[in-house]
S.K.: 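Please see the structure below; I have some questions.
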4 protein chains.
Amino acid sequence: MPRTEEQLNEIREEKRLLIMETALALFAKHGFHHVSISQIASSAGISKGLMYNYFSGKKDLLEKIISDSFKHFTENFDPNHDGVLEKHELLQFIDNAFDMIHDNFDFWKLFYTMLLRPSVFEIVIQKYEEMLEPLYKMLMTYFEKSGYEKPHREAVFFAAVMDGLAINYIIDPGHFPLEDIKEKVKSLYR
Amino acid sequence: MPRTEEQLNEIREEKRLLIMETALALFAKHGFHHVSISQIASSAGISKGLMYNYFSGKKDLLEKIISDSFKHFTENFDPNHDGVLEKHELLQFIDNAFDMIHDNFDFWKLFYTMLLRPSVFEIVIQKYEEMLEPLYKMLMTYFEKSGYEKPHREAVFFAAVMDGLAINYIIDPGHFPLEDIKEKVKSLYR
Amino acid sequence: MPRTEEQLNEIREEKRLLIMETALALFAKHGFHHVSISQIASSAGISKGLMYNYFSGKKDLLEKIISDSFKHFTENFDPNHDGVLEKHELLQFIDNAFDMIHDNFDFWKLFYTMLLRPSVFEIVIQKYEEMLEPLYKMLMTYFEKSGYEKPHREAVFFAAVMDGLAINYIIDPGHFPLEDIKEKVKSLYR
Amino acid sequence: MPRTEEQLNEIREEKRLLIMETALALFAKHGFHHVSISQIASSAGISKGLMYNYFSGKKDLLEKIISDSFKHFTENFDPNHDGVLEKHELLQFIDNAFDMIHDNFDFWKLFYTMLLRPSVFEIVIQKYEEMLEPLYKMLMTYFEKSGYEKPHREAVFFAAVMDGLAINYIIDPGHFPLEDIKEKVKSLYR
DNA sequence: GATGAATGAGCGTTCATTCAT
DNA sequence: GATGAATGAACGCTCATTCAT
């Protein structure tokens, strides 16, 4: 008797996640180009061939990892989903951002690793921009509303500060004065 | 008439530089892993074999590029070399930093590309920290002297902000509001 | 109400034929090696696994297709089954041959594709020769009876001409001057 | 001291030929798709990688084999290169054709193997048509000049006859009544 | 010093086949 | 009978590196 559709979906979903999690951890640790399909397969305890039942190739695997994580990220942004940022939401975002990096350390490490490597990043840039645009717009609207002189500059600056802090946190989380820095950033926007 | 020892050394040094510059430009454009030794050799107009007279391998070439550029970087830092930062020096540093990135764009692009890839960066991180430490100390001393509550936090924050801005500038220099951002950063420390 | 043995056999035979027809069409269009079991199965609307209930493997499937088609071919040959060829039968055969190719285009395309590939053709060559021998004998008898000097030569020549024409017809049926060629061949034996 | 240009050319030409001859023999024996690069390399006594110093891939290797052989073929056609076929030249061509097949058996076996396999033949079809067109034109002109009613039909027929004979000769050269057949064909055009 | 032919380990990927369900 | 997840050997190909000249 063949498996039921439900059983198959369960198996497929489990394996899909297993492969993606295994690959993400390896990509984060060694970098996309330094991880071979063989390594992923053997780390996940499956055959090389099985990978290709779930993903059309190494690039596709990366894309799926990134887009899944983005989905998770965007879902946890703009708390009340009204597209408008209030001051307390911005302050809360600053707190959340570092928690998010902490909770998805591998992903964010991979993400920032890719950010400057065109050959890898182009795979993913579109999803990145789709995700980023609403955030940028919200920030600009917020800064405009709050009376800042140059909202675009403020949005760019804010994003760059968060990137810089994220990267430094990722490089050496043990020595990063996390709470102090959170306070510092929040003090700029209080 | 055979060349003198000195002339030979000069020729050697020229070739060495030629290879490094060629490789740096290619690495920055396509990424380290997407540039083959063959490409570097043919771009530089030399044979593959000759590369190995100057560098022990592809990794070695990368290391030499990074560490040479650091040397150049540190030599052009700390304006009056007294180890003490004045406010006007800090403000000037902010200006200079972006100029430096602009003038050595390929290097800084490559550098930030490598920043999160332990396997490669490990090799140069020590030189990087050696170079960074006096700056950190100067910064901390300055912030302390200027009455900041948490000098360490301020130094980390400042460095991270500069990293974040550098990265965003490198990703898309055409759309980066350079002058506005310089002003913004300086305004924080005026 | 369970199906009778006969009904089951009928279903089995239908599936078998479905698979063979699907595969033949794909083999003819893309070539044996460019068609995967997955493609055949999905084209036929069955699972990969089921294929192996009907055929022991891809090679076996090919063999069965070829030998089944031969069976069909031989059954529709030698019009009055008396083993003797009359001139009008030979002339009719020439007409029929092209109709036969037209009606079973996929098969003959596949067949001629395989003709020169020993590793595959070996398998069916015996059946092919069994089928061909009576024809050869009839031809030789006919040519002998008709006063040709070298009946063997004539039989070989006739068969080769028909092969050559068949192949050229198959390569580009749209541009093949079919009726003209039929006339030409028949004129040689009128 | 590096090798002279001449030495390098010699080495290159030798290896190129070695690889092509080895590959042709294997392709003819087992078919293009059944021969791996590894097999060719090990048959030729070289490494896999070296193949790619001489040919850009397996397809390119095939193309070069075919086009080199075509070159050889066309050079030995139309004896006095005046683009006009005389009766004695046609009769001589018939003799030569079988000699040519005999002398380049592997090539012609490979060629006819490919003729019906679109996926392989398309690699080579252009060169084939370039080579064939002048021949077709010469034939048509000849048949027209000689008072045949339908020159196009005659050219198609002639080419098909030669194909059919070639294929049958290639399948089983030992049992092919070569001289008798040559006479037969020539008698049609005397 | 300088060359480039030569190597071979390793890559991403395919696919006929197996087998638990 | 029927399914499709799973396997693994083999493929075409790349490229850092070596070394005879």
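For the numbers below, each heavy atom of this structure counts, side chains included, while hydrogens, waters and symmetry mates do not. Lettering follows sequence order; numbering is per chain, from 1.
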S.K.: For the pair Phe107(D) and Phe70(D), name the ring-plane relationship: parallel under 30°, tilted 30 to 60°, perpendicular over 60°.
M.R.: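 Perpendicular: the ring planes of Phe107(D) and Phe70(D) meet at over 60°.
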S.K.: Does Asn53(D) place a side-chain N or O at less than 4.0 Å from the phosphate oxygens OP1/OP2 of dA6(E)?
M.R.: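 For dA6(E), neither OP1 nor OP2 has a side-chain N or O of Asn53(D) closer than 4.0 Å.
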S.K.: Under 4.0 Å, counting only non-hydrogen atoms across every strand here, what does Gly57(B) touch: a base, just sugar-phosphate, or nothing?
M.R.: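 Answer is sugar-phosphate: Gly57(B) comes under 4.0 Å of backbone atoms only.
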S.K.: Rounded to the Å, how far apart are His33(B) NE2 and dC11(E) P?
M.R.: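 His33(B) atom NE2 is separated from dC11(E) atom P by 12 Å.
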S.K.: May I ask you to verify if any side-chain N or O of Ser36(D) is less than 4.0 angstrom from the OP1 or OP2 atom of dA10(F)?
M.R.: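 It does not, given that no N or O in the side chain of Ser36(D) lies less than 4.0 Å from OP1 or OP2 of dA10(F).
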S.K.: Contact class for Ile37(D) vs. all strands (heavy atom < 4.0 Å): base, sugar-phosphate, or nothing?
M.R.: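 Counting heavy atoms under 4.0 Å across all strands, the contact made by Ile37(D) is with sugar-phosphate only.
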S.K.: Provide, to the nearest angstrom, the distance between the CD1 atom belonging to Ile11(A) and the P atom belonging to dT21(E).
M.R.: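 Ile11(A) atom CD1 is separated from dT21(E) atom P by 9 Å.
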S.K.: Take atom CG of Asn9(D) and atom C1' of dA5(E), then tell me their distance rounded to the nearest Å.
M.R.: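 Taking CG of Asn9(D) and C1' of dA5(E), I get 13 Å after rounding.
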S.K.: Take Phe55(A) and Arg16(A), measure what side chain to side chain contact (heavy atoms under 4.5 Å, CB included) needs, and give me the verdict at the end.
M.R.: CA-CA 9 Å; Phe55(A) 304 95; Arg16(A) 221 185 85 94; 3.9 Å; yes
S.K.: Assign each of Ser47(D) and Gly49(C) to its nearest nucleotide of DNA chain E by heavy atoms, then name whichever residue's nucleotide is nearer the 5' end.
M.R.: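 The answer here is Ser47(D).
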S.K.: Could you check whether Tyr112(C) and Tyr112(D) have their ring centres less than 6.0 Å apart?
M.R.: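 Aromatic pair excluded; centres sit 6.0 Å or further apart.
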S.K.: How close or far is atom P of dT18(F) from atom CE of Met51(B), stated in whole angstroms?
M.R.: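 Taking CE of Met51(B) and P of dT18(F), I get 11 Å after rounding.
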S.K.: Distance check, rounded to the nearest 0.5 Å: Lys109(C) atom NZ versus Ile171(C) atom CD1?
M.R.: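 Separation between the atoms: 9.0 Å.
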S.K.: How many Å lie between NZ on Lys59(C) and C1' on dT17(E), as a whole number?
M.R.: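 Spelled out: NZ on Lys59(C) to C1' on dT17(E) is 14 Å.
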S.K.: Quick one: on DNA chain E, does Arg12(B) or Val35(C) contact a more 5' nucleotide (nearest heavy atom)?
M.R.: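 Mapping each residue to its closest nucleotide by heavy atoms, the 5'-most match is Arg12(B).
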S.K.: For Ile46(D) and dG4(E), what is the distance between atoms CD1 and P respectively, to the nearest whole Å?
M.R.: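 Spelled out: CD1 on Ile46(D) to P on dG4(E) is 19 Å.
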S.K.: For Tyr54(D) and dA5(E), is the shortest distance between a side-chain N/O and OP1 or OP2 below 4.0 Å?
M.R.: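 Checking dA5(E) against Tyr54(D), no side-chain N or O comes under 4.0 Å of OP1 or OP2.
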S.K.: Whole Å only: how far is the CZ atom of Phe32(D) from the C1' atom of dG12(F)?
M.R.: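 Atom-to-atom, Phe32(D) to dG12(F), this comes out as 10 Å.
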S.K.: Hey, mind stepping through Tyr54(C) and Arg12(C) against side chain to side chain contact (heavy atoms under 4.5 Å, CB included) and telling me if it holds?
M.R.: CA-CA 8 Å; Tyr54(C) 291 93; Arg12(C) 261 193 79 84; 3.9 Å; yes
S.K.: Nearest-nucleotide wise, let me know which of Gln39(D) and Gln7(D) is further upstream toward the 5' end of DNA chain F.
M.R.: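 Whichever sits nearer the 5' end wins; that is Gln39(D).
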S.K.: Please report how far the helix from dA2(E)-dT21(F) to dT21(E)-dA2(F) bends, comparing the axis fitted to its first five pairs with the axis fitted to its last five, to the nearest 10 degrees.
M.R.: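 The end-segment axes of the helix from dA2(E)-dT21(F) to dT21(E)-dA2(F) are tilted 10° relative to each other.
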S.K.: Quick check: any donor-acceptor pair below 3.5 Å linking the side-chain of Lys15(B) to the base of dG1(E)?
M.R.: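 There is none.
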S.K.: Under 4.0 Å between any heavy atoms, over every strand shown, what does Lys58(C) touch: base, sugar-phosphate, or nothing? Just pick one.
M.R.: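 Contact class for Lys58(C): sugar-phosphate only.
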S.K.: Give a yes/no on whether any side-chain N or O of Arg3(D) is located under 4.0 angstrom from OP1 or OP2 of dA20(F).
M.R.: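 So the side chain of Arg3(D) is outside the cut-off, no N or O lying under 4.0 Å from OP1 or OP2 of dA20(F).
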S.K.: What's Leu50(B) touching, base or sugar-phosphate or nothing? Going by heavy atoms closer than 4.0 Å.
M.R.: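 Base contact.
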S.K.: Would you say a side-chain N or O of Tyr52(B) is under 4.0 Å from OP1 or OP2 of dT3(E)?
M.R.: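 No.
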S.K.: State whether the distance check finds a donor on one side and an acceptor on the other, under 3.5 Å, for side chain Lys48(A) versus base dT13(E).
M.R.: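 Looking at the base of dT13(E), it does pair with a donor or acceptor on the side chain of Lys48(A) (distance under 3.5 Å).
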S.K.: Rounded to whole angstrom units, what separation is found between the CG atom of Leu26(B) and the P atom of dC15(F)?
M.R.: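 Whole-Å distance recorded here is 13 Å.
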S.K.: Could you please spell out the steps behind the side chain to side chain contact (heavy atoms under 4.5 Å, CB included) verdict for Asn104(C) and Ser69(C)?
M.R.: CA-CA 9 Å; Asn104(C) 300 282; Ser69(C) 293; over 6 Å; no
S.K.: Any carboxylate oxygen within less than 4.0 angstrom of a Lys/Arg side-chain nitrogen, looking at Asp60(C) and Lys64(C)?
M.R.: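 Yes, Asp60(C) and Lys64(C) are salt-bridged.
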S.K.: Mind telling me whether His33(C) and His33(D) have parallel, tilted or perpendicular rings, with 30° and 60° as the class edges?
M.R.: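 Because their plane-to-plane angle lies in the 30° to 60° range, the rings of His33(D) and His33(C) count as tilted.
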